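Have a look at the structure below, then the notes.
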Amino acid sequence: MEILVCVKQVPDTAEVKIDPVKHTVIRAGVPNIFNPFDQNALEAALQLKDNQGAKVTLLSMGPPQAKDVLREGLAMGADEAYLLTDRKVGGSDTLATGYCIAQAIKKVTELKGIEKFDIILCGKQAIDGDTAQVGPQIACELGIPQITYAADLKVEGDTVTVKQQNEEGYIVTEAKFPVLITAVKELNEPRFPTIRGTMKAKRREIPELSADDVKADESKIGLSGSPTKVRKIFTPPQRTQGLVIPVEDDNYQAAVDTLMEKLTEQKII
Ligand SMILES: Cc1cc2nc3c(=O)[nH]c(=O)nc-3n(C[C@H](O)[C@H](O)[C@H](O)COP(=O)(O)OP(=O)(O)OC[C@H]3O[C@@H](n4cnc5c(N)ncnc54)[C@H](O)[C@@H]3O)c2cc1C
């Protein structure tokens, strides 16, 4: 079984602060991390490696420093890693990103001399862009089925059974290889890289692919190939001071009534 996991390096959004004077995002000193949902995707692949002998390949698109997350993934137990890195792909929106990654998957398939990847795993979403579009876009580009929001997955022969999470509960969905699956947190608890794995991963050569290597059509990539453009980025307005409703003389009912009145007034309920 050949599995490919798409991993993205993202700024740790929990560490991003907003400058109260300039109203801009302070990114200085914010560490880059392995997108958390992609760790769940990788863990699912590694469990299939442990239990069913799958081969696990990692792919990322980003600047050269994105190799750090690929090394982390190798240290966790992935077998191989590739980086698509090229100024020409910078500024790509989700459509262009999905296209570039799909092209890179085709190239990696060729380089590995395999017929296809049986399972392609992505995170549900990246915590910086937050769109949750790229996984499904890759599946469309490759013309393969997709199962999103996987909270559990099992593989038997060439069939994957996935418990999909949605707002109301779960749906159990089945698909034959090849299939693209996106992972949610509930899927598993990602393992830590081992010290031995980290030492070995440091010495690994990670092949770099350019836009030309993956035969990306220049009219479909980067800023010019992106149908959407970010026109403006701004910080949300500061939240106004909260309101404390005191309970006087143990009269909880009066406090609840006041709270309900305020919520109704603000059209929250
Ligand atoms: C300079 C710059 C300019 C941009 N301009 C625009 C713009 O004009 N319009 C616009 O819409 N967006 C723009 N973007 C944002 C860009 O669209 C997103 O970063 C990108 O499309 C990925 O979307 P996402 O982060 O929401 O990923 P999601 O769709 O939330 O990611 C889902 C999953 O897909 C996989 N994945 C996503 N990205 C990668 C990757 N790079 N490598 C490997 N796997 C990945 C991961 O498994 C991830 O968990 C810009 C970004 C940059 C850096």
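Whatever order the structure lists them in is the order used to number ligands and atoms, beginning at 1. Every value quoted in this text rests on a predicted model; they were computed, and no experiment measured them.
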So which protein heavy atom does [atom] come closest to, and at what separation?
atom: atom 19 (O) of ligand 1; value: Lys8 NZ, 3.2 Å
atom: atom 36 (N) of ligand 1; value: Val134 CG1, 3.8 Å
atom: atom 11 (O) of ligand 1; value: Thr228 OG1, 2.9 Å
atom: atom 26 (O) of ligand 1; value: Thr131 OG1, 2.6 Å
atom: atom 20 (C) of ligand 1; value: Thr97 OG1, 3.6 Å
atom: atom 10 (C) of ligand 1; value: Asp93 CB, 3.2 Å
atom: atom 49 (O) of ligand 1; value: Asp38 OD1, 2.5 Å
atom: atom 41 (N) of ligand 1; value: Met61 O, 2.9 Å

My understanding is that we take every heavy atom of each candidate and find the minimum distance to [atom]. Doing that for [options], which one comes out nearest?
atom: atom 16 (C) of ligand 1; options: Ser92, Gly91, Ala104; result: Ser92
atom: atom 39 (C) of ligand 1; options: Leu223, Val89, Ile101; result: Ile101
atom: atom 28 (P) of ligand 1; options: Pro136, Ala132, Gly123; result: Ala132
atom: atom 30 (O) of ligand 1; options: Cys6, Ala126, Gly98, Ala96; result: Ala126

- Message: Evaluate Val230 for polar contact with ligand 1, using N/O atom pairs at a separation under 3.5 Å.
- Response: yes
- So, is Leu59 polar-close to ligand 1, with some N/O to N/O distance under 3.5 Å? no
- Does ligand 1 have an atom that lies less than 4.0 angstrom from a heavy atom of Ser60? yes
How about [X]: does its [atom1] atom have over 12 heavy atoms from other parts shown lying under 6.0 Å from it?
X: Lys55; atom1: NZ; answer: no
X: Lys229; atom1: NZ; answer: yes
X: Lys116; atom1: NZ; answer: yes

- Item | Name of the residue among Ile120, Thr109, Leu180 meeting side chain to side chain contact (heavy atoms under 4.5 Å, CB included) with Leu142 | Ile120
Output a table of donor-acceptor pairs, distance under 3.5 Å, between side-chain atoms of residues 256-269 and any protein atom two or more places apart or on a different chain; print 'none' if there are none.
{"from": "Asp257", "atom 1": "OD1", "to": "Gln253", "atom 2": "NE2", "distance (Å)": "3.0"}
{"from": "Thr258", "atom 1": "OG1", "to": "Ala254", "atom 2": "O", "distance (Å)": "2.8"}
{"from": "Thr264", "atom 1": "OG1", "to": "Met260", "atom 2": "O", "distance (Å)": "2.5"}

- Linking directly or through intermediates, with side-chain heavy atoms under 4.5 Å: list the remaining ILVMFWY members grouped with Ile127, chain and number order. Val10, Ile33, Phe37
- Item | Shared hydrophobic cluster, Val214 / Ile114 (ILVMFWY, side-chain heavy atoms < 4.5 Å) | yes
